[in-house]
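If you're wondering where the values come from, they're calculated on a predicted model, not measured in any experiment. All chains are named by letter (A, B, ...) in the order of the sequence lines, taking the proteins before the strands, and each is independently numbered beginning at 1.
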Amino acid sequence: MHVGGIRSALFNWLWARHTGGVSVLRLEDTDRARYVEGAPDQICDSLEALGIKPDEGPREGGKYGPYVQSERLALYAQHAAQLLESGALYRCWCSPERLTKLRAEAQAAGVAFKYDRHCLKPENHGDESAPHVLRFRTPEAPASIGWDDAVRGRLDFKLADLDDFVAIKADTYPTYHFANVVDDHLMEISHVLRADEWLPSTPKHLLLFAAFNWQPPTYAHLPAVLGPNGNKKLSKRDGAQSVQEYLDEGYLPEALRSFLASLGWNDGTTQEVYATDELIKNFTLERIQKSPAKFDKERLTWMNGLMIRQMDLDELLRRTDGFWPPEATNSSLDYRRQVLGLVQERLKFLRELPELTRFFFAEPDYADGLLAAEAASDRYAETSLRDCLAAARQAVENLDFSEASLETALRPLAEAMGVKTGLLFGAIRLAVTGQKSAPGLFETLHALGRETVLRRLDKALKQL
RNA sequence: GGUCCCAUCGUCUAGUGGCCUAGGACACCGGGUUUUCAUCCCGGCAACCGGGGUUCGAGUCCCCGUGGGAUCACCA
């Protein structure tokens with residue numbers, strides 16, 4: 001499930017929550033050729049993982065089921081028969097070859113394709129037992145059909161431009177247009193918030209509703225979500241990722257919800273980040289944007305980091321399951337909690353956890369040459385890195401390793417040695433963590449404990 | 001090409017005729033706090049697509065351009 005699709009799902013879900021309504025998930029699997037094994041589960045999983053589980057659907061059930069179109073074929077057949085009877089639908093035996101030719105002609109003429117109603121003529125009727133499709137007979141009147149779109153406003157289309165679209169395919173499955181209309185009516189759908197690309201086919205749906213003498217739902221066509229680079233619709237080519245991939249990278253569901261909501265919607269204030277209950281409270285159709293939005297991952301990442309920082313430590317700890325470096329496996333939960341507290345303000349997404357915390361669980365080996373390079377740098381020309389480490393080792397070897405005792409031992413040491421604290425602390429940090437940047441030195445040393453710190457200092461000393 | 005939609009900083013956006021010298025946020029660039037990184041704080045850069053109207057007054061309303069997008073299937 002794509003981020004664009006999930007944004008549509010989110011808006012529907014928010015609107016249902018906002019109005020005290022019910023959100024419905026319906027699987028529209030009427031294209032047997034494109035059916036992907038496992039896709040339904042993946043869709044349901046994504047919605048659940050994002051915390052926007054529908055109220056009714058294939059998994060949830062509900063009184064309007066089944067919620068899978070391939071299980072509702074009898075319903076479509078029955079309604080198609082009704083429209084065939086009334087003359088709104090007619091049989092068409094035209095071959096794909098003939099249609100392809102017609103389409104090529106239309107393109108050459110510079111007009112949109114419209115079926116020529118060849119099979120409407122009695123003399124062209126085929127055998128009813130032979131494979132054929134059912135087309136919708138676009139009426140001559142009224143001249144145009146339109147609706148008040150909840151986000152676009154009044155929209156009108158001329159019937160003369162509309163094609164006699166296929167309602168039932170040769171394999172007896174309904175097309176999207178037909179199944180969608182029948183189901184929206186049968187399931188008593190009041191609001192349809194769907195992507196922009198459906199705009200041109202909405203007149204077809206309206207015509208179908210009229211043919212059945214049914215009341216159409218309120219439509220709200222959502223602006224597209226564009227890829228970060230071009231102005232094209234978000235797609236795999238643009239590096240678009242599935243919801244599951246974002247979750248795997250350690251983006252929080254609540255951050256994804258807040259960010260996705262901001263793509264094409266805002267409440268008119270300067271608030272940037274929303275808790276989900278605020279989203280539900282403030283979400284209205286009138287505030288949905290008309291113009292498309294680009295997916296800006298940097299902004300998502302910022303929002304995610306912000307929410308990580310603001311999260312209760314124990315809650316964050318629960319969310320980090322599966323994100324720790326393998327070396328952390330045997331560590332206690334208490335220790336992991338302590339470590340997490342030290343990196344919380346640096347975490348942008350959970351996948352960063354290993355690189356930020358590995359040294360808390362594994363010995364640095366200085367194999368990257370950083371230690372040697374630092375030792376050779378001009379900064380340690382006056383006082384060598386080795387001297388710094390040796391002095392530090394001596395200063396801390398008998399401490400209780402509380403943060404306070406470490407600080408009262410090390411600050412004066414720098415002064416006594418006549419070096420800047422940054423230089424001394426940097427040396428210790430590098431020896432103990434193997435990195436040039438890490439959480440605060442005293443917190444880090446305290447977390448690691450005396451035994452580990454001394455061992456690492458000795459190891460570094462030995463290599464210099 | 002036909003039909004339809006859209007148009008404010010690089011990006012997400014505020015703006016519903018005077019509160020606009022166009023606001024906020026991300027990113028970026030400075031500065032401060034600090035033992036590093038990060039956080040946090042302060043500051044800066046940066047936009048109404050163009051042209052005509054309407055109006056005392058237009059980012060806001062109308063028209064025409066221009067640009068971008070969607071769609072034109074027995075796919076959804």
Side-chain angles (χ1 to χ4, degrees), chain A residues 28-34 69 92 94-96 99-100 103 106-115 131-135 149 152-153 155-158 160-163 165-177 179-180 194-203 221 223-224 226 228 230-233 259 262-273 286 289-303 305-306 309 342-348 356 407 410-411 414 420-430 433 435-442 444:
Chain A
E28 312 204 305
D29 59 343
T30 56
D31 185 347
R32 293 185 300 170
R34 289 205 311 166
Q69 289 185 331
C92 171
C94 288
S95 68
L99 295 171
T100 303
R103 221 167 269 126
Q107 190 167 22
V111 296
F113 170 72
K114 274 182 71 180
Y115 177 60
H132 62 276
V133 305
L134 259 33
R135 285 186 184 275
D149 195 275
R152 303 305 172 119
L155 258 19
D156 282 286
F157 287 78
K158 285 192 278 296
D161 295 326
L162 263 32
D163 179 37
F165 63 92
V166 172
I168 303 289
K169 311 178 207 178
D171 65 3
T172 74
Y173 274 64
T175 59
Y176 169 86
H177 306 302
N180 186 259
R194 50 154 65 148
D196 230 350
E197 68 209 64
W198 292 107
L199 222 40
S201 43
T202 303
H221 287 90
L226 305 176
N231 293 321
K232 290 276 184 288
K233 207 166 64 163
F259 174 73
S262 78
L263 253 37
W265 176 85
N266 72 80
D267 69 354
T269 70
T270 58
Q271 186 169 348
E272 306 288 346
V273 183
E286 304 81 68
Q289 206 82 12
K290 289 189 179 76
S291 52
K294 287 199 178 80
F295 187 91
D296 182 7
K297 191 175 177 181
E298 301 229 50
R299 195 174 159 82
L300 201 214
T301 302
W302 162 75
M303 208 175 275
L306 187 73
R309 267 173 261 137
L342 297 184
V343 299
Q344 182 171 14
E345 68 180 20
R346 288 149 238 258
L347 259 188
K348 301 270 192 245
L356 252 27
E407 181 157 12
L410 293 173
R411 278 199 195 280
K420 287 194 167 159
T421 51
L423 193 79
L424 176 66
F425 290 7
I428 301 171
R429 174 177 300 109
L430 184 56
T433 71
Q435 302 172 177
K436 291 181 83 166
S437 64
L441 186 65
F442 312 123
T444 301

Using purine N1 to pyrimidine N3 plus N6-O4 or O6-N4 for Watson-Crick, or N1-O2 and O6-N3 for G-U wobble, both under 3.5 Å, which nucleotide pairs with [N]?
N: B:U66; answer: B:A7
N: B:U55; answer: none
N: B:U35; answer: none
N: B:A47; answer: none
N: B:C20; answer: none
N: B:C74; answer: none

*Is any side-chain N or O of A:Lys294 closer than 4.0 Å to OP1 or OP2 of B:A7?*
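No, because none of the side-chain N or O atoms of A:Lys294 sits under 4.0 Å from OP1 or OP2 of B:A7.
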
*Tell me whether the OP1 or OP2 atom of B:U35 has a side-chain N or O from A:Arg429 closer than 4.0 Å.*
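Answer is no, no contact under 4.0 Å.
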
Would you indicate what [X] reaches in the nucleic acid, counting non-hydrogen atoms under 4.0 angstrom: base, sugar-phosphate, or nothing?
X: A:Thr269; result: nothing
X: A:Ala170; result: base
X: A:Leu347; result: nothing
X: A:Leu263; result: sugar-phosphate
X: A:Gly426; result: nothing
X: A:Glu298; result: sugar-phosphate
X: A:Tyr173; result: nothing
X: A:Val133; result: base
X: A:Gly264; result: sugar-phosphate
X: A:Lys290; result: sugar-phosphate
X: A:Tyr176; result: base
X: A:Pro439; result: base

*For A:Gln289 and B:U16, give me the distance from atom CD to atom C1', rounded to whole Å.*
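It is 13 Å, rounded to the nearest whole Å.
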
*In whole angstrom, give the distance that lies between atom CG of A:Asp161 and atom C1' of B:U3.*
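After rounding, the reported distance stands at 6 Å.
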
*Residues in side-chain hydrogen bond (donor to acceptor under 3.5 Å, both in side chains) with A:Asp161, at least two apart?*
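With sequence neighbours excluded, A:Asp161 shows a side-chain hydrogen bond (donor to acceptor under 3.5 Å, both in side chains) to no residue whatsoever.
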
*Exceeds 12 heavy-atom contacts within 6.0 angstrom, atom NZ of A:Lys169*: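 Result for NZ/A:Lys169: enclosed.
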
*Look at the aromatic rings of A:Trp198 and A:Tyr176 and report parallel, tilted or perpendicular, splitting at 30° and 60°.*
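Taking A:Tyr176 first and then A:Trp198, their aromatic rings lie parallel (interplane angle under 30°).
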
Between [options], spot the one nearest the side chain of [X], thanks.
X: A:Arg309; options: B:G24, B:U39, B:C12; result: B:U39
X: A:Arg152; options: B:C6, B:A76, B:G24; result: B:C6
X: A:Arg103; options: B:C72, B:U35, B:A73; result: B:A73

*asked:* As a test of understanding, state which of A:Glu197, A:Arg194, A:Arg152, A:Lys290 forms a side chain to side chain donor-acceptor pair (under 3.5 Å) with A:His221.
replied: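 Considering A:Glu197, A:Arg194, A:Arg152, A:Lys290, a side chain to side chain donor-acceptor pair (under 3.5 Å) with A:His221 is found only for A:Arg194.
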
*Side-chain heavy-atom pair A:Asn266, A:Gln289 within 4.5 angstrom cut-off*: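 They are in contact (side-chain heavy atoms under 4.5 Å apart), so the answer is yes.
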
